[in-house]
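Input: a single structure, listed below in structure tokens.
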Number of protein chains: 2
Amino acid sequence: MKKASLKDIANLLNMSKTTVSFVLNGKGDQMKISKSTQEKVMEAAKRLNYQPNQLARSLSSGKTNTIGLVIPNIGDIFYAEIARAMEKKAHKQGYNIMYCSSEEDPKREAQLINMLKARQVDGLIIAPTKLDKTEILHLKKENYPFVLIDRHFPKLDTNFVITDNKVGMHKAVDFLIKKGYKKIAFICVQNYLEVIRQRFEGYKSALRDNGIRFSNKLVKEIDYFTLEQDIHEKLYDMLSSNREIEALVFATNFLCTAGLAALKKIGLNIPKDIAVATFDDRALFQLMNPGISAVAQPTQLIGEKALEVLLDEINSEDKNPQKQKITLEPNFIIRDSQ
Amino acid sequence: MKKASLKDIANLLNMSKTTVSFVLNGKGDQMKISKSTQEKVMEAAKRLNYQPNQLARSLSSGKTNTIGLVIPNIGDIFYAEIARAMEKKAHKQGYNIMYCSSEEDPKREAQLINMLKARQVDGLIIAPTKLDKTEILHLKKENYPFVLIDRHFPKLDTNFVITDNKVGMHKAVDFLIKKGYKKIAFICVQNYLEVIRQRFEGYKSALRDNGIRFSNKLVKEIDYFTLEQDIHEKLYDMLSSNREIEALVFATNFLCTAGLAALKKIGLNIPKDIAVATFDDRALFQLMNPGISAVAQPTQLIGEKALEVLLDEINSEDKNPQKQKITLEPNFIIRDSQ
DNA sequence: CTGTTAGCGCTTTCAC
DNA sequence: GTGAAAGCGCTAACAG
């Protein structure tokens, strides 16, 4: 049997589509449609198993009640958690999320954004992959509602929800120092993004606040593409030429996992031989032995806030409302790695 | 500036929408539209930054080129990998995936399926949460194209792509036994699905094949909703009251991660004090120390196959084609946890 | 080669 | 209280 449409049920009941539409949209009373008519409509709808066609509805109303989410990688638990929190909240407000994973590919990201726009999503939430702003500038120019998460462009006036990378790293390093560690090395990636730069700032400021002199020798930049090997070499060199290094702070979770593997190979014991802390928490760090202390970002809050900001903008009367710039504070989770 | 529509560019060029539509859809040559006209159209489209409205297009054509994917949990890497493989393949064929996570809630699942249908997705791929078949029966009755993954209903004639759970678990347990372990406990969830039942079968058949007597005492059912706590208590009870248990086999990856955390708290060393193996692999299990041996499902294949089957059905001339039932064989990956 | 026209299924204004 | 009719933006059969 073919799917029933508004028209079908109108025909069946010898009424107009208008009436049926009103009733089905709960505007029956408001439009003063008689109880009996309303009942007939509801009954027929149920009997025909009527399901409104969202496409038609959206085309007509100009609203899809869908928001698009573009993240670099669904497989990454960090983004998965954000997505989940967002979805839950969205659902409560009658919105659906359309997730897309750009797989860290800027081209794919651009495609996805366009696909979502073509599908007329009411707004976008994006964790941009690259420093390439063109796509974002486009959205801005078109006045398309969107909010950036995780990463943002300091010079652009856009909505964003990020975590305070500097503060997070400061917390970690400060804690180590208070624990008595003084020679603390900072391990990061080469050619780093804004995010990493801020973490670096946090590292330096923690040293400064505690009266410890910063030394460039304690900073190691690792090549992302030969991660495992490079980190092993650099750590080995640094640790054997500089016996006094007491702690390692990693700028990202993947650096930490690679670094831990390297330490294991080198034969160093945590925390006996060397202390460790990292930015970005992972289930792994909790399960490991010893547990690795980590700066955890408030993923749930990020997801919820981002959605909130977006819906604010979507539902705003103001055509071009003030952009909301939200920076959340991360937590340092203390485990047994120092 | 308002978004440009087909009509806008037709008006601008003093042509009909038809012509413009044909050109923009690449049917220009086929419709023998003059080169000059085509160029004019393309140029205007570019200049106006024309982006077709998919809603309108789909409403008119009856095709959305979107397929809906309903999984129990995006946060689960198992589904994330399936989704990713599927997405990649879909993209190549010009389809988009709309992911939805039911959060293991049957009500939510039903809602999502209906939402996706309302959005006129061309087909559905579903990892059903529960044993309640009503939603699935509905789809079947309506002849809506869909394929089940991961879990299925043996008695229903539907497309599905699953892995052979029994064989997978048999491989794991058999390996442990061959390694010399005899007292092997099976840890699963309460109220389990068909999937778990099959894994349980695999466990029992491996014991049987090796002449080991099955004991109910070695089976622990954990409450999904208080996982962490419950698994800790039950493992603690079991292991302290039954010192001879030599190995733990987990029925799912989340049971295993929770179980490992519990073992760590209890203070047991793997594999010295106790051996471990699990169904479902995760990156985590490889990174950990020791690496955890695991039955790996061919997630990528599942994703690709499921999509293939679905597209077959969608594009089939036959209104009610033969259902494809695909069972893939999992691998047991040996690491250092025994 | 290009234009006219009738939908797709729904919303909503205006009229009776 | 209810209906007619104009659109939303696009496709595609048909006409010329």
Side-chain angles (χ1 to χ4, degrees), chain A residues 2-42 44-45 48-66 114-115 117-122, chain B residues 2-42 44-45 48-66 114-115 117-122:
Chain A
K2 240 192 77 223
K3 281 237 298 235
S5 75
L6 247 198
K7 199 170 155 191
D8 293 332
I9 110 164
N11 284 154
L12 181 73
L13 263 39
N14 262 316
M15 310 199 263
S16 76
K17 292 192 294 173
T18 316
T19 311
V20 179
S21 171
F22 283 148
V23 175
L24 258 20
N25 287 320
K27 296 187 188 164
D29 290 331
Q30 189 184 326
M31 291 304 176
K32 303 195 188 162
I33 289 173
S34 69
K35 278 274 164 278
S36 75
T37 308
Q38 294 207 35
E39 272 163 27
K40 271 191 260 170
V41 171
M42 296 309 278
L48 296 184
N49 190 26
Y50 171 73
Q51 289 205 293
N53 182 328
Q54 283 298 343
L55 290 182
R57 192 192 284 236
S58 297
L59 179 59
S60 177
S61 69
K63 265 215 113 200
T64 53
N65 274 280
T66 302
N114 282 312
M115 183 274 280
K117 288 202 301 189
R119 281 190 158 57
Q120 315 297 117
V121 295
D122 294 339
Chain B
K2 242 192 76 224
K3 281 239 298 238
S5 75
L6 247 198
K7 199 170 157 192
D8 293 332
I9 109 162
N11 283 153
L12 181 73
L13 263 40
N14 262 315
M15 309 200 265
S16 77
K17 292 192 295 173
T18 317
T19 311
V20 178
S21 171
F22 282 148
V23 174
L24 257 21
N25 287 321
K27 296 188 187 162
D29 289 333
Q30 189 184 323
M31 291 304 176
K32 302 195 190 160
I33 289 172
S34 71
K35 277 273 162 282
S36 74
T37 308
Q38 295 209 34
E39 273 162 25
K40 270 190 265 173
V41 171
M42 296 309 278
L48 296 184
N49 191 26
Y50 171 73
Q51 286 205 295
N53 181 328
Q54 283 297 343
L55 290 183
R57 193 192 282 234
S58 297
L59 179 59
S60 176
S61 68
K63 265 214 113 201
T64 54
N65 273 281
T66 302
N114 282 312
M115 183 275 281
K117 288 202 302 190
R119 281 191 158 56
Q120 316 297 119
V121 295
D122 294 340

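Lettering of chains follows the sequences in order, A, B, ..., and the numbering in each one begins at 1. This one's a predicted model, so the numbers in the text were calculated from it and none came from an experiment.
Taking CG of B:Leu13 as the reference point, atom CG of B:Leu48 lies at 8.5 Å (rounded to 0.5 Å). With rounding to the nearest 0.5 angstrom, the OG1 atom of B:Thr64 is 11.5 Å from the CG atom of B:Leu59. Atom CE of residue B:Met42 and atom CD1 of residue B:Ile9 lie 9.0 Å apart, to the nearest 0.5 angstrom.
Going from atom CG of B:Asn11 over to atom P of D:dG9 covers 12 Å, rounded to whole Å. Put simply, NZ on A:Lys7 is 16 Å from P on D:dG3, counting in whole angstrom units. As a whole-Å value, the separation of B:Asp8 CG from D:dG9 P is 8 Å. When rounded to the nearest whole Å, the span between CG of B:Leu24 and P of D:dG9 equals 15 Å. Regarding A:Leu55, its CG atom lies at a distance of 10 Å from the P atom of C:dC10, rounded to whole Å. B:Gln51 has its CD atom 19 Å from the P atom of D:dC8, to the nearest Å. Straight-line distance from the CZ atom of B:Phe22 to the P atom of D:dC10: 15 Å, rounded to whole Å. Between B:Leu48 atom CG and D:dG9 atom P the separation is 14 Å, expressed in whole Å.
For D:dG3, one of the phosphate oxygens OP1 or OP2 lies less than 4.0 angstrom from a side-chain nitrogen or oxygen of A:Ser16. At the phosphate of D:dT11, OP1 or OP2 sits under 4.0 Å from a side-chain N or O atom of B:Asn25. Taking side-chain N and O atoms only, B:Thr19 has a distance below 4.0 Å to OP1 or OP2 of C:dG3. The side chain of B:Lys27 places an N or O atom within less than 4.0 Å of a non-bridging phosphate oxygen (OP1 or OP2) of D:dA12. Taking 4.0 angstrom as the limit, A:Arg57 places none of its side-chain polar atoms (N or O) nearer than this to OP1 or OP2 of C:dG9. Contact annotation: A:Ser34 side-chain N/O to D:dT2 OP1/OP2 distance is under 4.0 Å.
Picking from C:dT5, C:dG9, D:dG3 the nucleotide with the shortest atom distance to the side chain of A:Thr18 gives D:dG3. If you check C:dG9, D:dT11, C:dC8 against the side chain of B:Ser61, the one that comes closest is D:dT11. When the nucleotides C:dC10, D:dT11, C:dT13 are ranked by their closest atom to the side chain of A:Leu6, C:dC10 comes out on top. The side chain of A:Ser60 lies closest to C:dG9 when the candidates are C:dG9, D:dC10, C:dT4.
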Problem set entry | side-chain hydrogen bond (donor to acceptor under 3.5 Å, both in side chains) between B:Asn65 and B:Gln54, worked out | CA-CA 10 Å; B:Asn65 273 281; B:Gln54 283 297 343; over 6 Å; no
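The residue among B:Lys17 and B:Asn14 whose nearest nucleotide of DNA chain C is located toward the 5' end is B:Asn14.
Among the protein residues, B:Thr37 comes within range of the sugar-phosphate backbone only, with heavy atoms under 4.0 Å from sugar or phosphate atoms but none that close to a base. B:Met15 comes within contact range of the sugar-phosphate backbone alone, with a heavy-atom separation under 4.0 Å but no base atom that close. Within the nucleic acid shown, A:Ser21 comes within 4.0 Å of at least one base atom, counting heavy atoms only.
The shortest non-hydrogen separation linking A:Asp8 to A:Ala4 is OD2-CA, 3.4 Å. Closest approach of A:Pro52 to B:Ala118, counting heavy atoms only: O-CB, 3.8 Å.
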